[in-house]
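This report refers to the structure that appears directly beneath it.
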Amino acid sequence: MKVFGKQYWWPADTQDEIIIGAILTQNTAWQNVEKAIENLKKVGLCSLDKIRNAPQNTIEDLIKPSGFYKQKSLYLKEIANFFKDFNENTDTLNFRKSLLNIKGVGLETADSILLYAFSRPIFVVDAYTKRFVERKKLFYSLEYHKVQQFFMHNLPQDVELYKEYHALIVKLAKTFCRKKPNCKECPIRCA
DNA sequence: CACCAGGAATGTA
DNA sequence: TACATTCATGGT
């Protein structure tokens, strides 16, 4: 029985837009990321090739709404250079290692890119996921890789399922909020 | 006014 | 390994 439909959680026109969004969304509300991406699109810079050849301060100005703009403009340059000579024909684990060597790409960002931009079967773990595991007492450890393995060992290895599962956890966090009524059963945010 | 958002790098012990 | 600090804008 299908209860939930697709969440369309990572809306993007292109693969590059997903990768760019993965950097810009670090510790930032998605609403602000949308503004930054819109700015990039307006001037035709929402692609890794264009970003690689654009002046640093131009990128900074365009992505300011998403915060941390000095760091993130550098990170976008770094990841744009990485994908210039990248051969996608590699196994997921080596791909992951390569991504983690890029300055500005940590565990969550690397896995988000693998899953959402390249459809690799990797389960994304974020702060919400850990709180969910903690409060529902699903698993004894909150360490990134252990939580990730917990889900990957207990779910079918299905890319679309991983995408939707992560989206639903985030949606759960957004749905229940202490600022709204009926917040006592919140499994993620409210203590 | 404080707190948080679809984190990661860097420094300290 | 385990924390603390820094980065910065915008919404609530």
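If you're wondering where the values come from, they're calculated on a predicted model, not measured in any experiment. Convention: sequence-line order gives letters A, B, ...; per-chain numbering from 1. These values consider heavy atoms only, across backbone and side chains, with no hydrogens, waters or symmetry-generated copies.
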- Item | Heavy-atom donor-acceptor pair, A:T25 side chain to A:G21 backbone, under 3.5 Å | no
- Task: Look only at the side chain of A:N81 and the backbone of A:K77, and say whether a donor-acceptor pair between them is shorter than 3.5 Å.
- Result: yes
- Got more than 12 heavy atoms from elsewhere within 6.0 Å of NZ, A:K130? yes
- More than 12 heavy atoms of other residues, nucleotides or ligands under 6.0 Å from NZ of A:K146: is that the case? no
Atom-pair distance ([atom1] on [X]; [atom2] on [N]), nearest Å:
X      : N     : atom1 : atom2 : result
A:I169 : B:dA5 : CD1   : P     : 15 Å
A:I18  : B:dG6 : CD1   : C1'   : 13 Å
A:I122 : B:dG6 : CD1   : C1'   : 18 Å
A:R131 : B:dG6 : CZ    : C1'   : 12 Å
A:N32  : C:dT9 : CG    : C1'   : 6 Å
A:K130 : B:dG6 : NZ    : P     : 16 Å
A:Q26  : C:dT9 : CD    : C1'   : 15 Å
A:I63  : C:dA8 : CD1   : P     : 9 Å

- Query: Looking only at heavy atoms, which two atoms of A:A80 and A:I51 are closest? And how far apart?
  - Reply: CB-CG2, 4.4 Å
Taking the [atom1] atom in each of [N] and [M], what is the distance between them to the nearest angstrom?
N     : M      : atom1 : answer
C:dA8 : B:dG11 : P     : 16 Å
B:dG6 : C:dT5  : C1'   : 22 Å
C:dA4 : B:dC3  : P     : 16 Å
B:dA8 : C:dG11 : P     : 24 Å

- Side-chain donor-acceptor pair present, A:S98, A:N101, cut-off under 3.5 Å: no
- Hey, can you pull the residues of residues 72-84 of chain A with a non-hydrogen atom under 4.0 angstrom from DNA chain C? none
- Item | Contacting residues from residues 107-116 of chain A, given that a heavy atom lies under 4.0 angstrom of DNA chain B | A:L107, A:E108, A:T109
- Message: For a quick check of understanding: with a heavy-atom distance under 4.0 Å over all strands, which category does A:I102 fall into, base, sugar-phosphate or nothing?
- Response: sugar-phosphate
- Indicate, with a heavy-atom threshold strictly under 4.0 Å, whether A:V33 touches base, sugar-phosphate, or nothing. nothing
- Message: By the definition side chain to side chain contact (heavy atoms under 4.5 Å, CB included), identify the one residue from A:L114, A:T109, A:L115 that meets it with A:D111.
- Response: A:L114
- Message: Among A:V125, A:V124, A:L100, which residue satisfies the side chain to side chain contact (heavy atoms under 4.5 Å, CB included) criterion with A:L107?
- Response: A:L100
- Scan for ring pair (Phe, Tyr, Trp, His ring centres under 6.0 Å) pairs involving residues 49-77 of chain A, sequence neighbours excluded, and state none if there are none. none
- Message: Show me the pairs that pass ring pair (Phe, Tyr, Trp, His ring centres under 6.0 Å) and involve residues 100-131 of chain A, at least two apart or across chains.
- Response: A:W9-A:Y116, A:W10-A:Y116, A:F83-A:F118, A:F95-A:F118, A:F123-A:F151, A:F123-A:Y162, A:F123-A:Y165
- If each of A:Q31 and A:L100 is mapped to the nucleotide of DNA chain B with the nearest heavy atom, which maps nearer the 5' terminus, i.e. the 5' end? A:Q31
- Check side-chain contact (heavy atoms from CB on, under 4.5 Å) between A:K50 and all other residues, then give those that pass, not counting sequence neighbours. A:L45, A:S47
- Message: Please confirm whether the shortest side-chain N or O distance from A:K35 to OP1 or OP2 of C:dG11 is below 4.0 Å.
- Response: yes
- Query: Along nucleotides 2-7 of chain C, 5' to 3', which nucleotides get a B, which get an S, and which get a -, given that the test is a protein heavy-atom distance under 4.0 Å?
  - Reply: -----B
- Item | Face-to-face stacking of A:W30 with B:dA5, centres under 5.5 angstrom, angle under 30° | no
- Which listed nucleotide (B:dA9, C:dG11, B:dG6) is nearest to the side chain of A:K103? B:dA9
